[in-house]
Amino acid sequence: MSLAPAAQLQHTPGERGLSRILWFLRDVLVLTRRSLIHVIRDPAQLADVTIQPIMFVVLFTFVFGSAIRLPGGGNYHEYVVAGIFGITMAGAAPGVAVGLANDIQSGIIDRFRSLPMSRGAVLAGRLTADLMTAVLGLIVVVAVGVAVGWRVHTNPQDVLAGFALALLFNYAMSWAGAAAGLWLHNPESAQAMAFVVFFPMIFVSNAFVALQNMPIWLRVVAEWNPVSTVTASCRELFGNPNPSAAVQVWPLQHPELATIICALALLAVFVPISIRLYRREDLT
Amino acid sequence: MGEHEPILVEGLVKVYGKTRAVDGLDLVVAKGSVVAVLGPNGAGKTTLIRILATLAKPTGGRAMVAGYDVASHPAQVRRNIGIAGQSESIDEYLTGRQNLVMVGELSRLPRSEAKLRAATLLGRFELNDAADRPTKTYSGGMRRKLDLAASMITQPEVLFLDEPTTGLDPRARMGMWQLIRELGDAGTTILLTTQYLDEADQLAHNIAVVDSGKVIAWGSPDQLKTQVGGAVLEVTLPATADTEVAAALLRGAISKSVTVDQRRHKLTLPTTEETGLVTKVIRALDAGDIPVDDVTVRRPALDDVFMTLTGHGAETDKEAAA
């Protein structure tokens, strides 16, 4: 081989339309593959869609479950699995935030930005890989759920709709995580922030306990928490016990619609913010 | 594509807050040449490279790379450049080969060609044995070589190297020099920054000395050295010898301007056009029964150049702006 410079790469002026989209998709594919290699090399990254939901299911069915009575009765094992769906999907955000912060610190983002690649592909690639790990999380929760006696009592379309809603929520939360990672660009801060936002979000919800017993001020937060609406949607669509249906607030009376609106709102806010933060010159 | 200078910089300015990191910098780099931008920390070297590589936007002035304006046509610029920074831009979880193939594909090479180029570069940069290990396990020198290989994946017309040997051990540094020389010999236009004076001397056809965001001197290494003065002859005597007696002897026989370094037992005298100076010195000392340990002709180092031009040494560490 020679180390001589090649003739100048073909000049493609004003590349637009279809070819631009195809290049974008190819870049996303390359970067999705990169993120999946990360997961294979460092399986600990999968803990929040594997070990964590298994832990929660075991903890809440066998440890706390026997002490929890649902308002209006109902099997707690059947109740809690949809809650684990909800929190596992919300759990995507911290992972994305820490991953992007790591990328910025490692200098790889500088490399990407000096290449003639699509600008949005770095974020899209990571989020696509993240959606794939969310699907894995879904499978894990279904498997453990079935093992502890969780069953669905509706038709397959409803069950699939439940899964789809959960994934949509996951995707929207990932963009929020992306914005946080790009804003903080420090893995430790991203981790800390994730803890501060994420923990209240999953516990101040109907994921593990019914809202009826909470003090009023906390209850209002929990009623409007999207983790509650996505959980309530899943319970409704799976035919599991759903005491939230008795709570007379709009998001819990229309949990599917509330989840969709919330997801779209998150996307409308955090997609442009993330892209703007990514393009910021002093990002690295 | 018409004729163009690979790098053309006119009155470039970059302001960060109140700091003028680059402050009216001019620079022209001819096709196929290797130019070193030499200066202390905070002189604006990294900012210059980041602007030329489209990673930062200029505040004022103009910079053209490969015939395109970096501010208005960044995409075209990116297609014709490679950059290796002082912190390696490589993915720790991926293997060396996966890193190169990824960068190749993102540079729009077909996957098969990216693989082919990656294999060739891994061989060329002597990374074959480690090619399929995650780069986490690489040494500093290997990481730097891989980073350089990544920047060469499309055989770009212009290559930017930001302090390519900072932090490397001497052996890795030599290896990096060898690679850069070969890339330069093969016709790639290279702009590198360095704070090592010997590095600029070793690698570059031309040196731009920068200080406070401006080019304060430009020329070949030899031209810059001539600015400071000619070579000197250094004579080292054994510890037992009397340096003052020896100096007096040489002042009488050869030149009035002999300087003495008592502590290191050294005499220094300027070289002149006349030949046979070394022989004369040794004969004179021998006749006075003064033994000689060592005689060397020392050309002024670029450190001396920097001292003459800026009034402060090159090591002066002003807080980096970027």
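Just so we're on the same page: letters track the sequence lines, and every chain starts at 1.
Residues of residues 32-59 of chain A placed with any heavy atom under 4.5 Å of a heavy atom in chain B are listed by number as A:Arg33, A:Arg34, A:Ile37, A:His38, A:Arg41, A:Asp42, A:Gln45. Within residues 165-182 of chain A, no residue approaches chain B closer than 4.5 Å by heavy atoms. Near-neighbour residues of residues 128-139 of chain B relative to chain A, defined by a heavy atom under 4.5 Å from a heavy atom of that chain, comprise B:Pro134.
When all heavy atoms are compared, the tightest approach of A:Arg111 to B:Ala150 is NH2-CB, 3.7 Å. Here the closest heavy-atom approach between residue A:Pro116 and residue B:Arg79 is recorded as CB-CG, 3.7 Å.
Rounded to the nearest 0.5 Å, atoms OH (B:Tyr93) and CG (A:Asn102) are 6.5 Å apart. Summarising the geometry, atom CZ belonging to A:Phe112 is positioned 14.0 Å from atom CZ belonging to B:Arg78; distances are rounded to the nearest 0.5 Å. How far CG of A:Leu31 is from CG of B:Asp91: 10.0 Å, rounded to the nearest 0.5 Å. In this structure, OG in B:Ser89 is found 9.5 Å from CG in A:Leu115, a value given to the nearest 0.5 Å.
Taking a 6.0 Å sphere around CZ of B:Arg181, one finds it holds more than 12 heavy atoms contributed by other residues, nucleotides or ligands. Atom CZ of A:Phe195 has 12 or fewer neighbouring heavy atoms from other residues, nucleotides or ligands inside a 6.0 Å radius.
With respect to chain A, the highest number of heavy-atom pairs below 4.5 Å among B:Ile81, B:Ile83, B:Val101 belongs to B:Ile83. For the options B:Asp147, B:Leu159, B:Thr54, B:Asp185, heavy-atom pairs under 4.5 Å to chain A are most numerous at B:Asp147.
Take B:Arg143 and apply the side-chain hydrogen bond (donor to acceptor under 3.5 Å, both in side chains) test, not counting sequence neighbours, and it matches B:Glu88, B:Glu92.
Of the charged side-chain nitrogens involved, at least one lies within less than 4.0 Å of a carboxylate oxygen, so that B:Arg50 and A:Asp110 count as a salt-bridged pair.
If you measure heavy-atom distances from B:Leu106 to chain A, the contacts under 4.5 Å come from both the backbone and the side chain.
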